[in-house]
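For reference, the structure discussed in these notes is given below.
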Amino acid sequence: VFISVTSILNMSIFKDQFVLEDLIQELKKKSTALSFGPLQSNGHISVQGSFPAIKLLRDFLLLKAKSLSENDKGEESKSHQRPRRRLQQRRLTTETSNFIYNADWEKQVVVLDTDIYRYMKCFYPRTFLVNDDVVISDITDGDVTTVYIEKAGSRCDAEQVLRVKEKIENRSLKLHNALRKERIYFEEQTGDEKRRYERACESLKPHYPHVLIVPYDTHIDVVGNSSEVFEFIKGVSS
């Protein structure tokens with residue numbers, strides 16, 4: 001379940017400064033753990049791989065976009081004559097630069113697998129423990145949960161926000177490499193079938209204190225390390 005995710009990159013903002021095909025080759029060399037799809041005519045390309053690898057790729061592209069924005073500002077001081085398309089391109093990269101500034105100094109964003117996020121909230125709640133100067137919020141969209149870490153108090157500085165982000169990332173990376181998920185489907189779509197599995201899970205839970213149980217209408221997800229999840233599923237099925 002945690003092996004890979006797919007993201008769509010919009011590379012069109014780089015087309016005035018780079019040959020996109022060459023830039024994609026550079027990304028492939030830097031991100032050997034990722035799988036790249038074909039480059040589309042609109043500049044979009046699909047990328048598949050683990051959350052940590054895709055995050056590193058995102059950070060690399062944001063830095064490259066920031067450097068382009070700074071170069072544009074230097075060129076603008078020398079000449080105010082720009083074609084309309086060039087002006088539009090500069091606005092795009094400037095907005096990206098502003099986003100990087102906000103991310104560095106006021107808000108940090110961490111994208112997590114939803115099951116890893118739930119596991120962290122259940123078994124590692126101190127990861128999200130902060131003082132009144134920092135606020136953490138989240139938005140869950142299916143399999144992905146986006147966590148926002150923001151400056152709240154006047155005494156909060158950029159390093160404090162960044163430390164919270166790094167703490168969450170470090171914990172999620174460890175769990176990404178350790179956790180597995182199995183799904184128990186209900187054989188019959190009846191309330192009795194669901195309650196039978198739920199009772200079985202509850203009776204086994206004390207013996208597997210580090211296993212997370214997430215019930216749904218049609219199935220139950222079991223998240224934990226490989227050996228415990230295997231034994232848990234075996235116990236429920238017996």
- Query: Taking side chain as C-beta onward, heavy atoms only, is I220 less than 4.5 Å from E198?
  - Reply: yes

- Among D113, T140, D138, D115, which one satisfies side chain to side chain donor-acceptor pair (under 3.5 Å) with T145? T140

- Message: Would you say that Q160 contacts V134 through its side chain, given a criterion of any heavy-atom pair below 4.5 Å between the two side chains?
- Response: yes

- Just wondering, more than 12 heavy atoms not from D143 lying within 6.0 Å of its CG? no

- Please check if I136 and I116 belong to a single hydrophobic cluster, counting links between Ile, Leu, Val, Met, Phe, Trp and Tyr side chain heavy atoms closer than 4.5 Å. yes

- Query: Hey, does I149 have a side-chain heavy atom less than 4.5 Å from the side chain of V130?
  - Reply: no

- Out of curiosity, I24 CD1 to K29 NZ, how far, rounded to the nearest 0.5 Å? 13.0 Å

- Message: Would the distance check show the side chain of S203 and the main-chain N or O of A200 forming a donor-acceptor pair, the cut-off being under 3.5 Å?
- Response: yes

- Query: With a 4.5 Å limit on heavy-atom distance, are the side chains of C201 and F232 in contact?
  - Reply: yes

- Message: Holding to salt bridge (Lys or Arg N to Asp or Glu O under 4.0 Å), I want the full list of residues that pass it with E228, two or more places apart in sequence or in another chain.
- Response: none

- Roughly how far, to the nearest 0.5 Å, is CZ of R126 from NZ of K167? 7.5 Å

- Hey, quick one: are V135 and V110 part of the same hydrophobic cluster, counting side-chain heavy atoms closer than 4.5 Å, chains of contacts allowed? no

- Message: Is any side-chain heavy atom of F128 closer than 4.5 Å to one of V164?
- Response: no

- Does I45 belong to the same Ile/Leu/Val/Met/Phe/Trp/Tyr cluster as L20, with side-chain heavy atoms less than 4.5 Å apart forming each link? yes

- Can you tell me if NZ on K174 sees more than 12 non-hydrogen neighbours from other groups inside 6.0 Å? no

- Considering all heavy atoms, the nearest V47-L34 contact: CG1-CD1, 3.7 Å

- Between I168 and L112, is any pair of side-chain heavy atoms under 4.5 Å apart? yes

- Distance col, row M120:CE vs L179:CG, nearest 0.5 angstrom, shows 10.0 Å

- Heavy-atom closest pair, residues F186 and Y216: CE1-O, 3.6 Å

- side-chain contact (heavy atoms from CB on, under 4.5 Å) evaluation trace for V223 with R118: CA-CA 10 Å; V223 183; R118 288 172 175 163; over 6 Å; no

- Message: If you define the side chain from C-beta out and look only at heavy atoms, does anything of V229 sit under 4.5 Å from Y208?
- Response: no

- Roughly how far apart are L175 CG and N225 CG, rounded to 0.5 Å? 11.0 Å

- Message: Please find the pair of heavy atoms, one from D217 and one from K194, that lie closest to each other, and give the distance.
- Response: OD1-NZ, 3.5 Å

- Item | Atom pair OG/CD of S226 and E182 - distance to nearest 0.5 Å | 9.0 Å

- Task: Starting at OG of S237, measure out to OH of Y197 and round the result to the nearest 0.5 Å.
- Result: 6.0 Å

- Message: Could you tell me if the side chain of V214 sits less than 4.5 Å from the side chain of K181, heavy atoms only?
- Response: no

- Message: Taking L57 as the starting point, is it possible to reach V144 by hopping between hydrophobic residues whose side chains are less than 4.5 Å apart?
- Response: yes

- Message: Parallel, tilted or perpendicular: which one describes the rings of F123 and H210, with boundaries at 30° and 60°?
- Response: tilted

- E150 versus V161, closest heavy-atom pair with distance: C-CG2, 4.4 Å

- Could you check I184 against H219 for side-chain contact (heavy atoms from CB on, under 4.5 Å), going step by step and ending with a plain yes or no? CA-CA 5 Å; I184 303 172; H219 63 274; 5.9 Å; no

- Task: Using the rule that two of Ile, Leu, Val, Met, Phe, Trp, Tyr join whenever any of their side-chain heavy atoms come within less than 4.5 Å, decide whether L39 and I54 are in one cluster.
- Result: yes

- Query: Any sub-3.5 Å donor-acceptor pair from T114's side-chain atoms to G142's backbone N or O?
  - Reply: yes

- How about N42: does its CG atom have over 12 heavy atoms from other parts shown lying under 6.0 Å from it? yes

